[in-house]
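Working notes, structure below.
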Number of protein chains: 2
Amino acid sequence: MATRTSRTPRRTEALSRERIVEAAVALLDAEGESGLTFRTLTERLATGPGAIYWHVANKGELLAAATDSVIADVLAIEHDEPSDTPQDEIRTLALGLFDAIADHPWLSAQLAVQLSGSPWGSVTPRIFESFGQRVAALGVPEATWFTAASALMHYVFGAAGQNAANARALEPGVDRAEFLHAAATVWEELDPGEYPFMKSIADQVREHDDREQFLTGVDLILTGITASNRA
Amino acid sequence: MATRTSRTPRRTEALSRERIVEAAVALLDAEGESGLTFRTLTERLATGPGAIYWHVANKGELLAAATDSVIADVLAIEHDEPSDTPQDEIRTLALGLFDAIADHPWLSAQLAVQLSGSPWGSVTPRIFESFGQRVAALGVPEATWFTAASALMHYVFGAAGQNAANARALEPGVDRAEFLHAAATVWEELDPGEYPFMKSIADQVREHDDREQFLTGVDLILTGITASNRA
DNA sequence: ACCTGAACACCGTTCAAGT
DNA sequence: ACCTGAACACCGTTCAAGT
């Protein structure tokens, strides 16, 4: 055992932007968006707010850096299976983002914020570029690339965001099947005059798999891209 | 002129949930999401925080009610042109939501939050139902309705959200063409090794029309729905 | 039943002062 | 150059007290 028994353990490593961002991601993952405050962060890092402001301009920049660090890992996945078609690569990329947002639900709101900026933040251009390169490889006319890549990216963010929101709404202790079952049952009990559609798909909701349905949606858009634009 | 010249004008109408929501929407529209606080709201309504809490449970409920009141108007648009195809109706609905989010940029983040809840809030089911009914009318197999309606809704929210974010990023005084021109120029100057796609579409970005491109994306998804599922 | 307004706990951020 | 920690302005929310 160590001889020092100090209750408030002194920091061993020096503070750095990297260590701060790392701690921020850990807090966001563990406690959600509201769990990251300068109080909790200074406590976790055994320092004061001034120290953090030395490395980071403000909370917005900290959130942007946290987003960046998580997304960078997703974009770094290797795509070098030689037999991969552009379609396969788009599916892999889309699913990687979907899973990342599921693992880090706070990413969803953050990516939406990130889409602003003048002209953009630094993550979204890289995501857009990744989709865009693979859309170009599909062989559709160049005039359609912009719209096609945008549609893909918007769908991915929208679907992943909803999935993250659902996960967040799931109170700890309730499992997913139970949650979906309850949701579907509510839908079945809706007024059939006002909600005929929701009633008719209640069964599908009860049984669907999120990732599988997400990929079906990606395929639907890929079909739309190639079907409406034979090069 | 009135004889009363009181500096802090006394409320004439009684407070009501409706009047509070109305004031909240006005503040959100005028000042953005950060412009709505209980201080600004009490000031505008010439009352105290306690009075608002009598009519509304908390800020979340207030934001939900504000969202509801704006979206209700969009969903109330008449679709009774007898010659309208389901496709036309879907385009009208999508564009209505797109324009509403452009007019009230705070809607975008709020709709994302609204998507959570157990099972859902009260706006999103109505939007989902509206898309769903029209997807069903396309004549594709029932097994595909859920995925198709989800894809449409996610695309609309994603695209509209980005458009709202762009509008917000636009500093007052700078006009849109100028903004897009600047963005495209930045893209053109990116490293061609890392960003070949963004460089290649810079021209399209400079000239595109947001609403038109949005509708092209809707058509792309409609094509995907019908092409991959001949009933 | 409806409203008042002081008070509470908490937030992001600043800054003079230390090493 | 890097860090400390008290202080500031502001936030959502509560609640005893009034009418």
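A, B, ... follow the sequence lines: proteins, then strands. Residue 1 opens every chain. None of the values given here were measured: they were computed from a predicted structure.
Distance from the side chain of A14(A) is smallest for dC3(D) among the nucleotides dC3(C), dC3(D), dA6(D). The side chain of P49(A) has dA6(D) as its nearest neighbour among dA6(D), dT4(D), dT4(C). Listed nucleotides: dT4(C), dT14(D), dC11(D). Nearest to the side chain of Y53(B): dT14(D). With dC11(D), dG12(C), dA6(C) as the choices, the nucleotide that has an atom nearest any side-chain atom of T37(B) turns out to be dC11(D). Here the side chain of R39(A) is nearest to one of dA6(D), dT13(D), dG12(C), namely dG12(C).
Under the 6.0 Å cut-off for aromatic ring centres, F128(B) and F197(A) qualify, their centroids lying closer than that.
Listed by residue number, W54(A), H55(A) are the residues of residues 54-70 of chain A with a heavy-atom contact under 4.0 Å to DNA chain D.
When the C1' atom is used for both dC8(C) and dC11(D), the distance is 12 Å, rounded to whole Å. Atom C1' of dC10(C) sits at a distance of 13 Å from the matching atom of dA9(D), rounded to the whole Å.
Among all heavy-atom pairs drawn from I101(A) and A164(A), the shortest one is CG2-CB, 3.7 Å.
Within the 3.5 Å criterion, the main-chain N or O of A66(B) finds a donor-acceptor partner in the side chain of S69(B). Not a single donor-acceptor pair under 3.5 Å links the side chain of Y195(B) to the backbone N or O of E188(B). No donor-acceptor distance shorter than 3.5 angstrom exists from the side chain of T40(A) to the backbone of L36(A), with no hydrogens or angles considered. Using a distance-only test at 3.5 Å, with no hydrogens or angles considered, no donor-acceptor pair links the side chain of Q133(B) to the main chain of P196(A).
Within the 4.0 angstrom heavy-atom criterion, no nucleotide atom of any strand lies near I52(B).
One interatomic measurement links the two molecules: CG of L15(B) to C1' of dT4(C), which rounds to 12 Å at whole-angstrom precision. One interatomic measurement links the two molecules: CG of L41(B) to C1' of dC11(D), which rounds to 14 Å at whole-angstrom precision. What separates CG of L27(B) from C1' of dG12(D) is a distance of 16 Å, to the nearest Å. Rounded to whole Å, the distance from CD1 on I20(A) to P on dC2(D) is 12 Å. The distance between atom CZ of F38(A) and atom P of dC10(D), rounded to the nearest whole Å, is 18 Å.
Among pairs with a residue in residues 25-42 of chain A, those fulfilling salt bridge (charged side-chain N to carboxylate O under 4.0 Å, His left out) read E33(A)-R168(A), at least two apart in sequence or across chains.
Base pairing analysis places dT4(D) opposite dA16(C); the two distances defining the Watson-Crick or G-U wobble pair are each below 3.5 Å. In this structure, dC10(C) makes no Watson-Crick or G-U wobble pair, since no nucleotide meets both defining distances under 3.5 angstrom.
Judged by closest nucleotide on DNA chain C, S34(A) is the one of G50(A) and S34(A) placed further toward the 5' end.
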